[in-house]
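Heads up, the thing below is written out as structure tokens.
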Amino acid sequence: MILVTGGTGYIGSHTCVALMNAGYHVAILDNLCNSRIEVLNRLARLCPVRPDFVEGDVRDPSVLDSVFARYPISAVVHFAGLKAVGDSVKNPLAYYDNNVNGSVQLLRAMQRANVKTFVFSSTATVYAGPFDEALRESDRLGASQPYGHSKLVVEEILADLQSAEPDWRIACLRYFNPVGAHESGLIGESPLGAPNNLMPYLAQVASGMREFLNVWGNDYATPDGTGVRDYLHVMDLAEAHLAALHHLQTVTSLSTKPLTLNLGTGQGYSVLEVVHAFEQASGQKIGRQFAPRRAGDIAQYWADPGLAKQVLGWQAKRGLQEMCADTWRWQLHSAKDGEPS
Ligand code: NAD
Ligand code: UD1
């Protein structure tokens, strides 16, 4: 059985679908600080069985011990954490507590339970740049804000742990820009309040919830002057977790370092390219205006996903049109149901 922390959240819920449809049994631990219990009903419709669920906090050792005592857990996929860069600048302690302390508590509970296979949600935000070529795992690291730093600290903790105890099997997966939703339209991303990220904002403009998109900057040194990112369909990302887990569980030679992999498509798209793709997918005209650059934004970055292909045999299959079409389907379903995930 696989313990999925943060499994009712955006990426976690899609990964549960991939895991359960591949035959894994799943127990979710989530404190519901950024997701809804209704997601479990949706997962029950998308999967052969309903996942087990424990409402609780990864920072609570007694909750963790009871989860490991109750279920025959063989591996942990750790999504639980806080993820808003701007919020992390205002509330750094909340980010270090949730993301760093939460991971340490979880790893200690795993030690107590003798469970040593661990997949960690990291981010492309750990790269320091320069960003003029595809980013590789060996590139320079450094984060300019608490969110990214909290992820980097956990990566370093995992490296120390793996070096001290080589029988651990650890993967750090650095996600680029996850977008889209399950093709059913039953689960997706539901940001609280006005979305910060491009794709959910576009979906709300297309549906008439917001008047227009602010395009943050059109004077970058990119082909059309707007920011370029490596957008990745969340179901491709979910399938990468499945591949990473399978790899960790079956690899025969133990390693002294965590397996660290970029997860992206390797293809960058500009804001305007995404806007055009979303107009096509939704059939809606999207109002937009150019606005000054957003503080802290980088002109462009995209992944070299070659190592993930080499090691896991994984590569993203879904393109920008599918990312936009699935986001739009989720937007229509969630607006109709009035029940975001
Ligand atoms: P999300 O907020 O949708 O999901 C996180 C889940 O964790 C939520 O269900 C939340 O309720 C739960 N949670 C938070 N703190 C918890 C705690 N202390 N104990 C138990 N549960 C807790 O976020 P997401 O987009 O699904 O991201 C999942 C992971 O991937 C996060 O660690 C995030 O930092 C990382 N990540 C996300 C992105 C992205 O763009 N979404 C990019 C890179 C990395
Ligand atoms: C942001 C986070 C990053 C996180 C990622 C998740 C910051 C600084 N970085 O990255 O840590 O991993 O989300 O996907 O917050 N844009 C607009 N108008 C909008 C929204 C966005 O023009 O209303 C532009 C941005 O300037 C950028 C691109 O769209 O060029 C993508 O933005 P966004 O979706 O927020 O992702 P990132 O900035 O890459």
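Order of listing sets the numbers, starting from 1, for every ligand and every atom in it.
- The closest approach between a heavy atom of Tyr220 and any atom of ligand 2 is not below 4.0 Å.
- Residue contacts with ligand 1 for Arg59 involve side-chain atoms from C-beta outward but no N, CA, C or O (heavy atoms, distance under 4.0 Å).
- Polar contact check, Tyr147 against ligand 2: no nitrogen or oxygen pair lies under 3.5 Å apart.
- At a 3.5 angstrom cut-off on N or O pairs, Arg294 counts as close to ligand 2.
- By the 3.5 Å distance cut-off applied to N or O atoms, Ile11 is counted among the residues near ligand 1.
- The shortest separation from a heavy atom of Phe290 to ligand 2 is not under 4.0 Å, leaving the residue out of contact.
- Annotation: cation-pi pair Arg112/Phe68 absent, no NZ/CZ under 6.0 Å from the ring centroid and within 45° of its normal.
- A cation-pi arrangement is present between Arg293 and Tyr220, with the terminal nitrogen or guanidinium carbon under 6.0 Å from the aromatic centre and inside a 45° cone about the axis.
- The shortest N or O to N or O distance between Pro178 and ligand 1 is not under 3.5 Å.
- Heavy-atom separations between Ser13 and ligand 1 are all 4.0 Å or longer.
- Between the Asp97 side chain and the Leu93 main chain, no donor and acceptor come within less than 3.5 Å of each other.
- Heavy-atom separations between His78 and ligand 1 are all 4.0 Å or longer.
- Backbone and side-chain nitrogen or oxygen atoms of Lys83 are examined, and one is located within less than 3.5 angstrom of a nitrogen or oxygen of ligand 1.
- Near Tyr147, with a cut-off below 4.0 Å to any heavy atom, the atoms of ligand 1 are 33 (C), 34 (O), 35 (C), 36 (N), 43 (C), 44 (C).
- Nearest protein neighbour of atom 34 (O) of ligand 2, counting heavy atoms only, is Leu198 N, 2.8 Å.
- In Tyr269, neither the side chain nor the backbone holds a heavy atom less than 4.0 Å from any atom of ligand 2.
- Counting atoms of ligand 1 from 1 in the listed order, those under 4.0 Å from a heavy atom of Thr123 are 43 (C), 44 (C).
- The shortest N or O to N or O distance between Glu189 and ligand 1 is not under 3.5 Å.
- The nearest protein atom to atom 25 (C) of ligand 2, hydrogens excluded, is given as Asp297 OD2, 3.5 Å; this is a heavy-atom distance.
- Rounding to the nearest 0.5 angstrom, the gap separating the CG atom in Asn214 from the CZ atom in Arg210 is 11.0 Å.
- Taking each of Gly227, Pro200, Ser270 in turn, the one with a heavy atom nearest to atom 30 (O) of ligand 2 proves to be Gly227.
- Nearest non-hydrogen protein atom to atom 2 (C) of ligand 2 is Val85 CG2, 3.8 Å.
- Protein heavy atom at the shortest distance from atom 19 (C) of ligand 2 is Trp216 NE1, 3.2 Å.
- A ring-centre distance under 6.0 Å is not found for His14 and Phe79.
- Considering only non-hydrogen protein atoms, atom 10 (C) of ligand 1 sits nearest to Asp30 OD1, 3.4 Å.
- Residue-level proximity to ligand 2 for Asn196 is carried by the backbone, the only part with a heavy atom below 4.0 angstrom.
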Worked check of salt bridge (charged side-chain N to carboxylate O under 4.0 Å, His left out) between Lys83 and Glu189: CA-CA 13 Å; Lys83 62 168 180 175; Glu189 182 178 21; 3.5 Å; yes

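- Heavy atoms of Ala124 found under 4.0 angstrom from ligand 1: none, in either backbone or side chain.
- Close contacts between ligand 1 and Cys33 involve ligand atoms 10 (C), 11 (O), 13 (N), 14 (C), 15 (N) [criterion: under 4.0 Å to a heavy atom].
- Ligand 1 has no nitrogen or oxygen under 3.5 angstrom from a nitrogen or oxygen of Phe176.
- For Glu211, the CD atom counts as loosely surrounded, since its 6.0 Å shell holds 12 or fewer non-hydrogen atoms of other residues, nucleotides or ligands.
- Using a 4.0 Å cut-off between heavy atoms, Tyr301 contacts ligand 2 through its side chain alone, with no backbone atom that close.
- Close contacts of ligand 1 with Ser35, meaning ligand atoms under 4.0 Å from a residue heavy atom, involve 8 (C), 9 (O), 11 (O).
- Nearest non-hydrogen protein atom to atom 3 (O) of ligand 1 is Tyr10 N, 2.8 Å.
- With hydrogens left out, the protein atom closest to atom 28 (C) of ligand 1 is Phe79 O, 3.6 Å, a heavy atom.
- Of the protein's non-hydrogen atoms, the one nearest atom 24 (C) of ligand 2 is Val271 CG2, 3.6 Å.
- Residue Arg136 places its CZ atom among 12 or fewer non-hydrogen atoms of other residues, nucleotides or ligands, all under 6.0 Å distant.
- Remark: distances from the non-hydrogen atoms of Leu32 to ligand 1 include one below 4.0 Å.
- In terms of polar-atom proximity, Val58 is counted as a contact of ligand 1, with an N or O under 3.5 Å from an N or O of the ligand.
- Residue, atom and distance of the protein heavy atom nearest to atom 11 (O) of ligand 2 are Thr125 OG1, 2.9 Å.
- Residue contacts with ligand 1: Asn34 is placed with a nitrogen or oxygen under 3.5 Å of a nitrogen or oxygen of the ligand (distance criterion only).
- Remark: among candidates Ala80, Gly102, Ser190, Gly148, the nearest residue to atom 7 (O) of ligand 1 is Ala80, based on non-hydrogen atoms.
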